[in-house]
Amino acid sequence: MRPYYLLVPLLVLSIISTTTNGLTQQTSYVNSVKKTNTIIQQFLTPQNAARSALRLKPLVWDKKLANYATWYANQRRYDCELIHSNGPYGENIFWGSGAGWSPSQAVTAWLAERRSYNYWYNSCNDGECGHYTQIVWRESRRIGCAKVTCFNGLGVFMTCNYDPPGNYIGERPY
């Protein structure tokens with residue numbers, strides 16, 4: 001039988017080790033949640049700012065839409081092609097060369113199309129404006145987005161999905 005005084009240090013080391021592992025796992029989880037929330041805010045905040053400027057209700061993050069966006073972004077991870085999913089939701093897609101693209105940069109590119117949108121004629125003057133009009137589509141309420149880095153250095157692909165969808169021909173977005 002071992003003396004009692006030899007077992008106490010082993011017990012203390014065991015408790016410290018277990019506590020340290022638990023704290024490391026908890027810290028990792030908290031950091032993961034913070035990173036996820038930051039990415040969500042980078043997608044959501046500028047889009048809601050554009051909607052607010054037009055007195056539209058803000059978009060709300062939807063996990064089901066985010067899961068759909070993640071599923072589709074992972075399909076594009078292999079080729080990084082700008083191909084729409086043709087799913088049941090409104091959709092904006094983005095591709096950037098290299099690895100340094102953030103969600104807020106993708107949203108900024110979509111919002112830059114505002115300058116091409118002519119509200120009075122409900123059309124695009126020069127270039128594209130469909131990404132912008134989807135963001136400010138009055139009836140859209142929920143959003144979910146995803147970002148992936150494509151294989152073989154092909155760049156970054158991002159997508160946002162909107163429900164209900166917008167951009168119906170002949171209808172004004174707001």
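Of all heavy-atom pairs between Val107 and Gln47, the closest is CG1-CG, 3.4 Å. Looking at every heavy atom in both residues, Ala106 comes nearest to Phe94 through CB-CG, 3.6 Å. Here the closest non-hydrogen pair linking His131 and Ile93 is NE2-O, 3.7 Å. In terms of heavy-atom proximity, Tyr78 sits nearest to Asn74 at CE1-O, 3.6 Å.
Donor-acceptor pairing under 3.5 Å is lacking for the side chains of Tyr132 and Ser116.
Applying the 6.0 Å contact sphere to CG of Asp126 captures no more than 12 heavy atoms from other residues, nucleotides or ligands. Residue Tyr121 places its OH atom among 12 or fewer non-hydrogen atoms of other residues, nucleotides or ligands, all under 6.0 Å distant. By the neighbour-count criterion of 12 heavy atoms within 6.0 Å, atom CZ of Arg114 is sparsely surrounded, having that number or fewer from other residues, nucleotides or ligands.
A donor-acceptor pair under 3.5 Å is formed between the side chain of Asn167 and the backbone N or O of Gly130. The closest donor-acceptor contact from the side chain of Asn48 to the backbone of Pro58 lies at 3.5 Å or more, if one exists at all. Remark: side-chain polar atoms of Glu139 are not paired, donor with acceptor, to backbone N or O of Pro164 under 3.5 angstrom. Of the possible polar contacts, one joining the Thr45 side chain to the Gln41 backbone as a donor-acceptor pair under 3.5 Å is found. Side-chain atoms of Asn152 never come within 3.5 Å of backbone atoms of Leu154 as a donor-acceptor pair (strictly under, hydrogens ignored). Between the side chain of Arg55 and the backbone N or O of Ser52 there is no donor-acceptor pair closer than 3.5 Å. A donor-acceptor pair is defined here as one N or O able to donate and one able to accept, closer than 3.5 Å; such a pair exists between the side chain of Arg51 and the backbone of Trp137.
Taken from CD in Glu113 to OG1 in Thr108, the straight-line distance is 12.0 Å, to the nearest 0.5 Å. The NZ atom of Lys147 lies 11.0 Å from the CH2 atom of Trp101; values are rounded to the nearest 0.5 Å. Taking OG1 of Thr70 as the start and CD of Gln75 as the end, the distance is 11.0 Å to the nearest 0.5 Å. Taken from CG in Leu82 to OG1 in Thr159, the straight-line distance is 10.0 Å, to the nearest 0.5 Å. Atoms OG and CH2, on Ser85 and Trp71 in that order, are 7.0 Å from each other to the nearest 0.5 Å. Interatomic distance, Gln42 CD to Asn37 CG, rounded to the nearest 0.5 Å: 11.5 Å.
Using cut-offs of 30° and 60° for the angle between ring planes, the Tyr72 and Phe157 rings count as perpendicular.
Cation-pi geometry between Arg172 and Tyr119 is satisfied (NZ or CZ under 6.0 Å from the ring centre, within 45° of the ring normal).
For Ser140, the side chain to side chain donor-acceptor pair (under 3.5 Å) test picks out Gln134, with sequence neighbours left out.
Tyr117 and Ile169 are not part of a single hydrophobic cluster, where members link through side-chain heavy atoms under 4.5 Å apart. Cluster membership for Val136 and Val60, using ILVMFWY side-chain heavy atoms within less than 4.5 angstrom, is not shared. Neither Tyr68 nor Ile143 shares a network with the other; the hydrophobic side chains, linked directly or stepwise wherever heavy atoms of I, L, V, M, F, W or Y lie under 4.5 Å apart, form separate groups for each.
The aromatic ring centroids of Tyr162 and Tyr89 lie 6.0 Å or more from each other.
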Original post:
Run the side chain to side chain contact (heavy atoms under 4.5 Å, CB included) check on Ile83 and Arg76 step by step: do they pass?
Top reply: CA-CA 8 Å; Ile83 299 171; Arg76 297 275 57 94; 4.0 Å; yes
**OP:** Evaluate the side chain to side chain contact (heavy atoms under 4.5 Å, CB included) criterion for residues Ile135 and Asn92: first the C-alpha distance (whole Å), next the side-chain angles of each, then the deciding distance (0.1 Å), finally the verdict.
**Re:** CA-CA 8 Å; Ile135 290 170; Asn92 283 342; 3.6 Å; yes
Original post:
Which is it for Trp61 and Cys145 under the side chain to side chain contact (heavy atoms under 4.5 Å, CB included) test, yes or no, and what are the steps along the way?
Top reply: CA-CA 9 Å; Trp61 191 261; Cys145 307; 3.7 Å; yes
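Proximity of Leu111 to Pro46: side-chain heavy atoms (C-beta onward) are separated by under 4.5 Å at one or more points.
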